[in-house]
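The structure appears right after this line, and notes come after that.
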Amino acid sequence: GAKVKSEGVDTVEILKKISAAGDREKAFWPDSGILMLGAAAIGKSTQLKRFVLCAREMGMVPVLILVIELVRLKEGAGGGKLTNVIERYLESQHGPRGSKQHRLLMQAVLERRCLFLVDGVDEAGGAKEEIERAIADELLDQGHKTIVTSRHSGFKMQSFERCQLVELLPMSRAQQEAMVEARLGEKGEAVVQEFVAGLTKSSAYAEIANIPMMLSMLIAVFKSRGN
C-alpha cells in the first residue's frame with residue numbers, strides 16, 4: 001500500500017528529495033509519486049501552486065493537470081475510452097501538436113524533468129477508473145515525478161500504491177494567528193487581538209478557523225463590518 005508519512009512532514013522537503021534535477025542516473029524514480037489528501041477547502045490546490053514555484057527553483061518543469069479538465073477531454077471524445085490521456089491533455093492545453101511550446105514540453109517529459117501536479121482526483125466522477133488508470137500507467141509507473149491531490153474518499157487507494165501518502169493538516173493556532181496578522185496587521189495590534197479573541201470565545205468560529213478559506217471569509221466579513 002501507500003507509504004504513510006508521520007504528522008508534521010513538510011511536503012516541500014519531500015519534493016526536494018525526489019527532485020534529482022539534472023541527475024540522469026536518478027531520472028527514473030520508482031517511488032516518485034506523492035498522494036496528498038485533505039479535507040474540502042483546506043488548501044490542496046493552493047499547495048500545488050506553491051509546488052509550481054518550488055519546482056521552477058529546483059530546475060523542474062511544473063505541469064498542472066486539472067482532473068475536471070481530463071473529464072471534459074473524455075466527454076469531448078464522445079465518452080469513449082481514452083488512450084494516451086496525459087499526452088492528449090498536454091496537447092489540448094499546450095498544443096497544438098508540433099508547435100514550439102508543445103515540442104519543448106514533450107522534450108521535458110521525455111527527459112523526466114517535469115513535475116506533474118494532478119489536482120482533484122476525487123472529482124473524476126464516472127470517469128474515475130479510467131483517469132486513475134491513466135495516472136498510474138502513464139505517470140507513476142513510468143517514473144514521472146507526480147503529486148496527486150484528493151479528498152479522503154472518492155478514489156481507489158490501489159491506483160496509488162506507488163505513492164508516498166501525505167495528509168494536508170488543518171492550520172495550527174500559530175498559523176491562524178499569522179494569517180490574521182498578515183490580513184489585519186495594518187489596522188493595529190488591538191484589532192488583531194480583538195479578532196483572535198473572537199475566535200477563542202466562539203466554538204463555532206474556532207471549529208472552522210483552521211481551514212484557510214473559511215478563516216479568510218471570516219476576516220473578510222470582519223473587515224466589511226468595520227471590525
Side-chain angles (χ1 to χ4, degrees), residues 2 5 9-16 18-19 29 31-58 60-77 82 84-95 105 108-109 112-171 211-214 216:
K5 290 291 179 178
V9 169
D10 186 338
T11 44
V12 174
E13 290 303 315
I14 295 177
L15 180 57
K16 290 179 180 178
I18 69 169
S19 62
W29 282 77
D31 297 309
S32 56
I34 294 175
L35 175 60
M36 185 168 64
L37 304 180
I42 204 168
K44 298 184 293 295
S45 297
T46 300
Q47 184 71 10
L48 287 190
K49 293 176 183 177
R50 183 185 181 198
F51 286 141
V52 167
L53 298 176
C54 291
R56 294 179 65 181
E57 293 173 359
M58 296 176 193
M60 291 184 285
V61 179
V63 179
L64 180 62
I65 298 177
L66 304 179
V67 170
I68 192 66
E69 293 296 334
L70 292 180
V71 174
R72 293 193 180 104
L73 189 64
K74 178 176 173 60
E75 292 173 348
L82 283 177
N84 299 322
V85 176
I86 303 303
E87 184 175 346
R88 291 178 63 174
Y89 178 85
L90 296 180
E91 184 176 346
S92 69
Q93 300 295 316
H94 305 282
L105 184 56
V109 171
R112 297 295 193 279
R113 291 190 293 112
C114 288
L115 173 66
F116 290 94
L117 305 163
V118 185
D119 194 17
V121 75
D122 56 299
E123 300 173 2
K128 177 178 64 176
E129 290 190 11
E130 195 167 344
I131 288 175
E132 287 182 9
R133 184 168 59 250
I135 296 170
D137 293 349
E138 300 178 29
L139 294 179
L140 298 173
D141 288 353
Q142 301 304 316
H144 291 293
K145 303 171 184 68
T146 307
I147 299 178
V148 181
T149 71
S150 177
R151 299 184 189 183
H152 292 86
S153 60
F155 67 96
K156 289 174 60 178
M157 185 63 76
Q158 295 93 320
S159 301
F160 304 101
E161 59 185 2
R162 284 189 177 275
C163 292
Q164 301 179 64
L165 181 61
V166 175
E167 182 170 11
L168 190 58
L169 301 175
M171 290 192 298
I211 299 176
M213 187 177 74
M214 299 306 296
S216 181

Note to self: Quick test of your reading of the model: are K74 and E130 salt-bridged, counting only N-O distances below 4.0 Å?
What the structure shows: yes
Check: Is a side-chain N or O of Q164 found less than 3.5 angstrom from the main chain of L35, in a donor-acceptor match?
Finding: no
Check: Rounded to the nearest 0.5 Å, how far apart are CD1 of I135 and CZ of F155?
Finding: 11.0 Å
Check: Of all residues at least two apart in sequence or in a different chain, which pass the side-chain contact (heavy atoms from CB on, under 4.5 Å) check with E91?
Finding: R97, H102
Notebook entry, point to check: Looking only at atom types and distance, does a side-chain atom of K44 sit under 3.5 Å from a main-chain N or O of T149, one as donor and one as acceptor?
Noted result: no
Checklist line | side chain to side chain donor-acceptor pair (under 3.5 Å) partners of R151, counting only residues at least two apart | finding: none
Checklist line | From CG (L90) to CD1 (I65), nearest 0.5 Å | finding: 6.0 Å
Margin query: Among L64, V61, V109, exactly one meets side-chain contact (heavy atoms from CB on, under 4.5 Å) together with F116. Which residue is that?
Written below: V109
Checklist line | Pairing residues for S92 by the side chain to side chain donor-acceptor pair (under 3.5 Å) criterion, not counting sequence neighbours | finding: none
Notebook entry, point to check: Is C163 close to L140 at the side-chain level, that is, under 4.5 Å between some pair of heavy atoms?
Noted result: yes
Next item on the list: Let me see the working for V85 and I131 under side chain to side chain contact (heavy atoms under 4.5 Å, CB included), right down to the final yes or no.
Entry: CA-CA 8 Å; V85 176; I131 288 175; 5.6 Å; no
Check: Within the side chain of R112, is there an N or O that forms a donor-acceptor pair under 3.5 Å with the backbone of Q142?
Finding: yes
Note to self: I'd like to check the side chain to side chain donor-acceptor pair (under 3.5 Å) partners of E129; sequence neighbours left out, ordered by chain and number.
What the structure shows: none
Next item on the list: Could you tell me whether the side chain of P62 reaches within less than 4.5 Å of the side chain of L53, counting heavy atoms only?
Entry: no
Check: Is the shortest heavy-atom distance from the side chain of L139 to the side chain of V118 under 4.5 Å?
Finding: yes
Next item on the list: Taking the side chain as every heavy atom from C-beta outward, state whether Y89 and E138 have any atom pair closer than 4.5 Å.
Entry: no
Item checked: Interatomic distance, R113 atom CZ to M58 atom CE [nearest 0.5 angstrom] -> 15.5 Å
Checklist line | Side-chain touch T146/F160, heavy atoms, less than 4.5 angstrom | finding: no
Note to self: Ignoring hydrogens, what is the shortest heavy-atom contact between A124 and V71? Give both atom names and the distance.
What the structure shows: O-CG2, 3.6 Å
Item checked: From CG (L70) to CD1 (I86), nearest 0.5 Å -> 5.5 Å
Next item on the list: Can you see which heavy atom on A41 is nearest to which on I211, and at what distance?
Entry: O-CG2, 3.0 Å
Checklist line | Nearest heavy-atom neighbours spanning E132 and S159 | finding: OE1-OG, 2.8 Å
Check: So, D141 and R162, do they make that salt bridge, N to O below 4.0 Å?
Finding: yes
Notebook entry, point to check: Who passes side chain to side chain donor-acceptor pair (under 3.5 Å) against E123, sequence neighbours left out?
Noted result: none
Notebook entry, point to check: What are the two closest non-hydrogen atoms of L115 and A55, and how far apart are they?
Noted result: CD2-CB, 3.7 Å
Checklist line | Within-4.5 Å side-chain heavy-atom neighbours: I42 and P170 | finding: yes
Notebook entry, point to check: Is a side-chain donor or acceptor of Q47 paired with a backbone partner of L168 at a separation under 3.5 angstrom?
Noted result: no
Margin query: Taking salt bridge (Lys or Arg N to Asp or Glu O under 4.0 Å) as the definition, give me every residue that meets it alongside R72, ordered by chain and number, with sequence neighbours left out.
Written below: E69
Next item on the list: First locate atom CD1 of I147, then atom CZ of F51, and finally report the distance between them rounded to the nearest 0.5 Å.
Entry: 4.0 Å
